[in-house]
Structure formats: C-alpha cells, structure tokens
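Counting begins at 1 with the first residue of the sequence. Note: hydrogens, waters and symmetry copies are ignored here, and every other heavy atom, side chains too, is used.
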Amino acid sequence: MWHENRFTKKLGIQYPIIQAGMAGGITTPGLIAAVSNAGGLGTLGAGYMSPEQMTKAIRKIKELTNQPFGVNIFIPEMPEVAEKEIEKANELLRPFREELKLKEPEVTKPTTNLFDKQIEIILEERVPVCSFTFGVPSKQRVHQLKQENIVVMGTATTVKEAIINEENGLDMVVMQGSEAGGHRGTFSGSYDKSMIGTMSLVPQAADHVDIPVIAAGGIMDERGVLAALTLGAEAVQMGTAFLTSMESGAKKLHIEKILDSIEEQTVITQAFSGKPARGIQNEFITRMAPYEQNLPGYPVQNILTKEIRNEAAKQNRPEWVHIWSGQSVRLSKRQPAGEMIRDIVSQVDVLLKNR
C-alpha cells in the first residue's frame with residue numbers, strides 16, 4: 001500500500017500524511033518533530049507568529065528532527081473596515097470585557113510586513129516545505145521559494161481555487177472540505193458556495209489539476225486516509241486528529257472539550273474572527289450569532305476578540321473561547337502523534353488485506 005507516489009517522492013517522506021499547520025500555538029516543535037520522525041510531514045502553524053517566535057520554533061524543530069517539515073503562513077488580507085463597524089463590535093463585546101476586566105484593544109491597519117518577514121525567514125532557514133492559506137502567493141513569490149528548492153503548497157476549497165493554485169506554479173494543493181475545523185482557505189468566491197464535502201471535492205479536483213491533490217477535512221483515522229487516497233488524493237492533511245495528541249500545544253480546556261463532544265455540536269461561526277470557522281458551539285457563539293453579518297471582517301474582529309479569548313482561557317471559561325474542531329470530533333483520541341501515524345499505517349494495511 002505505502003508505495004512511493006509523486007507526493008512522498010517530492011517531499012522525501014515515507015507516508016502521505018501531513019499534520020496540518022494549525023495556528024495559535026497548537027503545533028509545538030515537539031508535535032512537528034514527532035510527526036516527521038514517524039514518517040509523515042509535521043507543519044508549523046506560523047500564521048500568528050512574530051518573526052522572533054517563528055525563527056526560534058524552526059530552529060528548535062531542526063534540533064528535534066532531521067526529517068522534512070513544513071511551515072504554514074497566511075496570505076495577508078486587507079479588508080476595508082469603517083470606524084463605525086469597530087464601534088458597534090466593541091459595544092457587543094463590552095459585557096464580555098467588563099466581566100473579564102479587559103480594556104478595548106487598539107486596532108491597527110493590517111499590513112504585509114509580517115508576511116514579508118516570514119517569507120524571508122523561510123528562505124533564510126531553508127525550510128523544506130512552505131504552505132499558504134487564505135489565498136495564493138504571486139508567481140514571483142512561488143519562483144523565489146522554488147529557487148531555494150522549497151516545496152510550495154497551496155490551499156483550496158473549490159476546483160476553481162485549485163486551478164488558480166496550479167496556474168500560479170504551486171507544487172501541490174490541499175483540497176479542504178467543509179468538514180474541516182477552524183478557518184478554511186476560501187479565497188475566490190463566497191464562503192457558502194465553497195462548502196463542499198471532502199469526498200466530493202477531492203475527485204473533482206483530481207480530475208481538473210495535474211499537481212498532486214491533498215485531501216483535508218474530517219479525516220481522523222485509517223478509514224478516512226484510505227477513502228481519500230482511493231478518490232484520487234496523493235496525501236491527506238489531518239488537523240483535529242493531531243490537536244488532541246500528547247505533543248499538542250492546545251489549551252487543556254480545548255482538548256477536553258473536543259474529547260467530550262460529538263459531531264452535532266460543531267457549527268460555523270464568524271463571531272470570533274470575522275471569518276467563518278468551524279468549532280464547538282458555546283455561549284459566545286450563541287450570543288453573537290444575531291450580529292454575525294455586521295461584524296468587522298478578518299483580521300479586525302480577530303484582534304477585537306483576542307484578549308477576551310485569552311483571558312477566558314486563563315480563567316477556565318470554555319464558553320467564551322474558540323474551540324476549533326472538525327466534524328469528525330467523536331473520533332478524537334488522546335495519544336502520542338507518532339503512535340497515531342503508526343496506527344493509521346498498520347490499519348490501512350489491515351483494511352486492504354481484508355477487502
């Protein structure tokens with residue numbers, strides 16, 4: 001089963017399994033190294049990292065593994081947000097801030113400065129794989145990375161977006177189905193029209209692009225891996241599955257909530273960040289739901305709620321924290337990441353033998 005394909009050959013890894021680059025501290029160097037050392041591809045979720053944090057993390061990963069790994073960063077988004085929108089959002093958030101004893105944050109205009117610096121670090125540190133979310137890098141950026149023999153990976157939620165990735169020269173594309181947890185990588189067209197399930201999305205994309213397709217969204221075990229590969233994917237990307245691993249940097253309340261939840265409890269919300277994301281239903285989502293369509297866009301709303309989420313987590317109040325999770329939440333396990341990969345690999349072989 002585990003014969004070499006274009007994906008594993010290009011990356012120089014043993015198994016076509018990627019640990020998703022989940023931003024926000026979940027992807028610790030220990031997690032990334034454990035996945036890469038087990039034959040998969042560990043990925044640092046660097047979207048919110050400062051240049052200093054990112055450099056430190058990359059160097060630590062290199063200390064822990066000599067295997068390939070990736071770094072995921074966000075294409076900058078520059079929404080036009082009126083001051084009145086921010087004022088209205090702050091009014092809605094005031095009760096939460098008052099109870100948590102927080103002040104209103106300062107909102108600065110988004111720039112490309114962080115993104116530009118992150119690209120510099122990836123080039124300087126010669127990171128093996130660079131993946132992008134929330135858009136597609138320019139052809140010039142892609143060429144710049146490829147010149148340093150860095151594999152460039154994109155994210156798409158429709159066939160149209162996959163084609164754009166291919167046209168811009170990316171080496172491979174993650175097809176992220178609607179089952180995926182957290183923010184999805186939609187960048188062309190409306191979010192609601194991109195809500196296509198992984199098992200429908202993958203074969204359609206595989207039929208329309210020549211670059212390797214990677215399946216993501218709702219894949220948690222050997223059954224999802226085998227199904228995705230059967231449908232034309234050359235690899236899978238798994239996020240929620242690794243979020244509850246022993247090496248995960250996710251907050252304790254996040255891990256506990258996922259392990260205690262079922263598929264009916266995940267919903268799509270814009271309340272926390274201004275961008276649709278899938279997570280476990282809680283009080284914050286419910287209270288903000290009537291106002292979602294009028295909230296400032298990402299990343300402004302994300303900035304407005306950041307301290308609320310951080311302080312609520314410190315006070316162990318999961319009802320006000322984003323608990324990102326994919327739809328296959330009931331399949332979550334608490335186990336070492338390397339063991340998870342070894343289990344998947346062995347069980348895929350068992351499934352094939354029993355066919």
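- Side chains of T186 and T157: a donor-acceptor N/O pair is present below 3.5 angstrom, by distance only.
- In summary, the side chains of R141 and N168 do not present any donor paired with an acceptor at a separation below 3.5 Å, with no hydrogens or angles considered.
- Counting only distance, with no hydrogens or angles, the side chain of E125 and the backbone of I121 share no donor-acceptor pair below 3.5 Å.
- Under a 3.5 Å cut-off, the side chain of T240 and the backbone N or O of G326 do form a donor-acceptor pair.
- Ring to ring, W324 and H183 are close: their centroids are under 6.0 angstrom apart.
- Side chain of R278 to main chain of S178: a donor-acceptor pair is present (N/O by atom type, distance under 3.5 Å, no hydrogens or angles).
- Expressed to the nearest 0.5 Å, how far CG of D349 lies from CD1 of I344 amounts to 12.0 Å.
- Pairing each heavy atom of T8 with each of P16, the nearest pair is CG2-N, 3.8 Å.
- Under a 3.5 Å cut-off, the side chain of R309 and the backbone N or O of N302 do form a donor-acceptor pair.
- Counting only heavy atoms from C-beta outward, the side chains of V136 and I75 never approach each other to under 4.5 Å.
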side-chain hydrogen bond (donor to acceptor under 3.5 Å, both in side chains) evaluation trace for T198 with E179: CA-CA 7 Å; T198 306; E179 300 95 326; 2.8 Å; yes
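- When the options F115, Y48, F132, F187 are evaluated for a ring-ring contact (aromatic ring centres under 6.0 Å, His included) with F74, the one that passes is Y48.
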